[in-house]
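Quick note on labels: first sequence line is chain A, next is B, and so on, each numbered from 1. Note that the coordinates shown come from a computational prediction; the quantities given were computed from them, not determined experimentally.
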Amino acid sequence: MTLKIYDTLTRRKEAFKPISGNRVYMFVCGPTLYDYSHLGHARTYVAFDVIARYLRYKGYTLFYLMNITDVEDRIIQRAEMTNRDPVELAKTLETTFHRDMKALRMNSVNLYARASEHMPEILDQIKRLIEKGYAYETKTGIYYDLARFEDFGELSHQKLDEVKKHRIDPDPTKKNPQDFTLWKKKETGPLWDSPWGKGRPGWHIEDTAISELYLGEQYDIHGGGIDLIFPHHESEIVQMESLSGKKPMARNWLHTGLLMISGERMGKSMGNSVTIADALEDYEAEVLRFFFASTHYRSPIDYTKDKLEQAKNSLETLYTALYNIKRLQTKEEKQLTDEEKKLRKELRETERKFLKAMDDDFNTPIAISHLFDMAKKINIFTAEDGIVDKKLLGEIVNSFKELGGILGVLQREKESVEEELIEKLMDLVIELRREFRNRENFAVSDRIREELRRLGITLEDTPDGMKWRKH
RNA sequence: GCCGGGGUGACUGAGAAGAUAGGUGGUGGGCUGCAGACCCACAUACGUCGGUUCAAUUCCGAUCCCCGGCUCCA
């Protein structure tokens, strides 16, 4: 089966063909470290994590690169507002970013590349752009001369003269208001030396400098949130293609739909920003990932408590089906029964359909629907048969874990389920024992403590209440 | 103004010229000592108006509404 991926450039689903055989090179625009990572980042990065997992599942050797913007005016602004050092602020936020990514079970990125550590490559690209006549220097910085680039606007389908409008007054030294900054001459804040004096790089140049270094002039996939199409990705194309003379810079441009909060655009100014850490306090990572995967990655997604509850219940339905079949008695016979053969056939069908859906531009909602179909078949089987072939059971459990693993769900380990269960059971036992003690029924309460001790659990009455531990 | 995306049942969310999407919630039934789980069934679903067609929610046109981008954005 061939994988088809929607390409923002052609606005069509295209059959996916890596440039060099089995190797796939993917770049995703990472965070700018001026604030805590929020659910919008989570949505985008989970989407690309799923894409990365699926590419690897299909057997591609994927190199997944993400930049980390640790040099940027907003970071400096934020640092000034809070009286902090911008370098230290970025460092702290980078640590929490990685903590959040890990908490969301994100592990598919091969290399994170900091802008601050790629200054030579950034300067080199700017130099080459000047040499080729694409960029010019003014009193305030180095600018890209958009009049020199013919194919401007391919990605966003904007015409150059349509984008003259601007919210911020353009720098008066620019030839055209649309020209974007490659290097800003500055005297305050974190500064780097350049042939044009001290300053900092523009917004778009770090990405092409980093991607050129690790992935080359042309590579397979470039991704990010849909809000980056213009001007960010458009400018990247301008920079890279004018240097390399090769197009397209990326074979496939993928963009994720934005996350909304209760129907509104999430943003600081709206006062409705939810950090990843906040969300993880209310819902476990699997529920968030399931919630994201329930909507196609290109569609906008609306975060509400209600929808998260729906996602949580839905995910639980899948777990329950697994639980239902796992608790059956197992047997090892040479022959499967007709019912078991049928179930195994349905399992293979489910796998096939799941992968077919993923091949169609990573259609996770459809893929998930096939898991539910299978869950129903499992439930029917378990309602009718009290016993199941051990090998078949293993196949079903593995299959769910493998397919779910592509989405990063259904990975809950047996141990952790049981540990969670034990916690809850102990809460209950303790509560019951407290009632017996309150009624001065010490015979029963002592018996509870004694029986638990034999089971390997020590109960202690402490001033802070009853505590228990394994011994 | 320009460039995109979208309007599907209580909520969500796919899809495609003719199929029952799937899920959550609700109601009724089955199973059950009770509850839960599970199974079965049910609810005027495809923004509006035209057109093409044997047939459209799916194609075409018009129209209304929503969302995003237009140099801060994942």
A:Arg11 side chain near B:G4 phosphate (N/O to OP1/OP2, under 4.0 Å): yes

Aromatic plane relationship, A:His233 with A:His222 - under 30° parallel, 30 to 60° tilted, over 60° perpendicular: perpendicular

Sugar-phosphate, base or nothing in reach of A:Leu258, heavy atoms under 4.0 Å: base

Secondary structure of RNA chain B in dot-bracket form (Watson-Crick or G-U wobble, distances below 3.5 Å, | marking inter-strand pairs): (((((((..(((.....[...))).(((((.......)))))....(((((..]....))))))))))))....

Nearest-Å distance once atom P is located in both B:U58 and B:G6: 14 Å

Candidates A:Leu9, A:Ile229, A:Ile221 - the one meeting side chain to side chain contact (heavy atoms under 4.5 Å, CB included) with A:Trp253: A:Leu9

Sugar-phosphate, base or nothing in reach of A:Arg74, heavy atoms under 4.0 Å: sugar-phosphate

Salt-bridge contact A:Lys356-A:Glu349 (side-chain N to carboxylate O under 4.0 Å): no

Closest to side chain of A:Met260, choosing from B:A74, B:U71, B:C67: B:C67

Nucleotide nearest A:Ile380 (side chain, heavy atoms from C-beta), chosen from B:A14, B:C40, B:A74: B:C40

Per-nucleotide protein contact string for nucleotides 18-30 of chain B, where B marks a base within reach and S marks sugar-phosphate only (heavy atoms under 4.0 Å, - for neither): ---BSBBS-----

Distance between C1' atoms of B:U48 and B:G7 (Å, rounded): 11 Å

Sugar-phosphate, base or nothing in reach of A:Gly224, heavy atoms under 4.0 Å: sugar-phosphate

Sugar-phosphate only, base, or nothing, as touched by A:Asn363 at under 4.0 Å among non-hydrogen atoms: sugar-phosphate

Sugar-phosphate only, base, or nothing, as touched by A:Asp73 at under 4.0 Å among non-hydrogen atoms: nothing

Touch class at under 4.0 angstrom, heavy-atom based, for A:Tyr323 against every strand present: nothing

Nearest-Å distance once atom P is located in both B:U24 and B:C39: 9 Å

Nucleotide B:U12, atom C1' - distance to CD1 of A:Ile301 in whole Å: 10 Å

Touch class at under 4.0 angstrom, heavy-atom based, for A:His38 against every strand present: base

